[in-house]
Amino acid sequence: MTEPAANYIGQNDSRYFRGKARQAWLITAGIVGAWVALMVIAPLARESGWAFSSSLYNFFSYICHQLPERSLHIAGHPMAVCSRCFGVYFGLFAGILFYPLIRPVETIDPLPRIWLILSIVPIGVDWSLTFLGIWENTHVSRVITGAILGVACAVYIVPAIVEIRYNLIFRRRTTG
């Protein structure tokens with residue numbers, strides 16, 4: 001099937017866009033990696049007696065319940081988020097980091113949404129079985145089910161960020 005001439009992208013533009021896509025991917029991986037690192041730094045900072053550890057815990061309290069019995073511990077202190085939240089964010093980081101092994105970074109076509117919906121099922125089952133008293137979930141089950149969702153989210157977030165980057169480049173090139 002042939003493409004209309006309006007959809008043609010020259011080789012120089014294609015290389016330029018590919019470079020910008022990789023740049024967007026690296027920046028995203030860096031930001032999410034720093035986010036995950038802060039979750040790990042909080043208990044280490046608390047153990048070292050650094051005052052900013054309280055600020056980290058307070059910051060993450062807006063996105064997580066931080067129940068100590070549901071959190072992984074480092075150096076005797078709970079992480080800044082529960083084990084399930086950590087699994088989601090770590091999975092997101094891993095998914096973004098390894099995304100180029102799955103698809104080219106410059107690909108902006110999303111996968112079918114059913115994969116994102118299916119990635120919620122393990123968390124739902126893990127939570128439901130505990131809620132119904134059939135079994136008690138563990139840190140391992142929470143981290144794994146969270147990571148499944150996180151990796152799936154990465155597969156949708158990377159193309160979205162790359163597409164936003166493309167649109168910003170295109171707008172800048174057409175407006176002057």
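Tracing side-chain contacts under 4.5 Å through hydrophobic residues (I, L, V, M, F, W, Y), one reaches M39 starting from L44; they form part of the same cluster. Clustering ILVMFWY residues whenever any of their side-chain heavy atoms sit less than 4.5 angstrom apart, transitively, puts I74 in a cluster other than the one holding L67. Residue L129 is grouped with residue F131 when hydrophobic side chains (ILVMFWY) are merged at heavy-atom distances under 4.5 angstrom, including chains of intermediate members. Both V105 and L26 are part of a single hydrophobic cluster, where members link through side-chain heavy atoms under 4.5 Å apart. Under the 4.5 Å side-chain contact rule for hydrophobic residues, I108 and I27 do not share a cluster.
You'll find the side chain of Y89 reaches within 4.5 Å of the side chain of I63, heavy atoms only. At least one side-chain heavy atom of L111 sits less than 4.5 Å from a side-chain heavy atom of Y156. In this structure, N58 and S61 have side chains that are in contact, with non-hydrogen atoms separated by less than 4.5 Å. Within the 4.5 Å cutoff, no side-chain heavy atoms of C85 are placed close to those of F60. The closest side-chain heavy-atom distance from W127 to T145 is not below 4.5 Å. Using a 4.5 Å heavy-atom cutoff, the side chains of V81 and H65 are not in contact. Looking at Y99 and P159, their side chains come closer than 4.5 Å, going by heavy atoms from C-beta outward. Annotation: side chain of V88 is not in contact with side chain of L92 (no heavy-atom distance under 4.5 Å).
Ion pairing between R84 and D126 holds under the 4.0 Å rule for side-chain N and carboxylate O.
A donor-acceptor pair is defined here as one N or O able to donate and one able to accept, closer than 3.5 Å; no such pair exists between the side chain of E106 and the backbone of R22. At distances below 3.5 Å, at least one donor-acceptor pair connects side-chain atoms of S83 with backbone N or O atoms of R70. Side chain of S128 to backbone of G124: a donor-acceptor contact under 3.5 angstrom is found.
Contact detail for S141 and W135: the closest heavy-atom pair is CB-CH2, 3.9 Å. F52 approaches A45 most closely through the heavy-atom pair CZ-CB, 3.8 Å. Among all heavy-atom pairs drawn from P68 and P78, the shortest one is CA-CB, 4.4 Å. The shortest heavy-atom contact between T28 and I96 is CG2-CD1, 3.7 Å. Contact detail for F86 and V36: the closest heavy-atom pair is CE1-CG1, 3.9 Å. Taking all atoms of both residues into account, the shortest heavy-atom contact from G91 to V151 is O-CG2, 3.3 Å.
The CG atom of L116 sits 9.0 Å away from atom CZ of R113, with the distance rounded to the nearest 0.5 Å. Taken from CD1 in I41 to CZ in R46, the straight-line distance is 14.5 Å, to the nearest 0.5 Å. L149 CG to C153 SG: the interatomic distance, rounded to the nearest 0.5 Å, is 4.0 Å. Rounding to the nearest 0.5 Å gives a distance of 10.5 Å between CG of L38 and CE of M79. The CD1 atom of I123 sits 11.5 Å away from the CZ atom of R142 when rounded to the nearest 0.5 Å. Rounding to the nearest 0.5 Å gives a distance of 7.0 Å between NE2 of H73 and NE2 of H139.
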Apply side-chain contact (heavy atoms from CB on, under 4.5 Å) to the pair R103 and D109, showing each step before the final yes or no.
CA-CA 10 Å; R103 304 175 77 191; D109 298 326; 4.2 Å; yes
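In the hydrophobic clustering (ILVMFWY side chains linked at under 4.5 Å, chained through shared members), V140 is joined by I144, I148.
W35 CH2: more than 12 foreign heavy atoms inside a 6.0 Å radius. The environment of Y57 atom OH is dense: over 12 non-hydrogen atoms of other residues, nucleotides or ligands sit within 6.0 angstrom.
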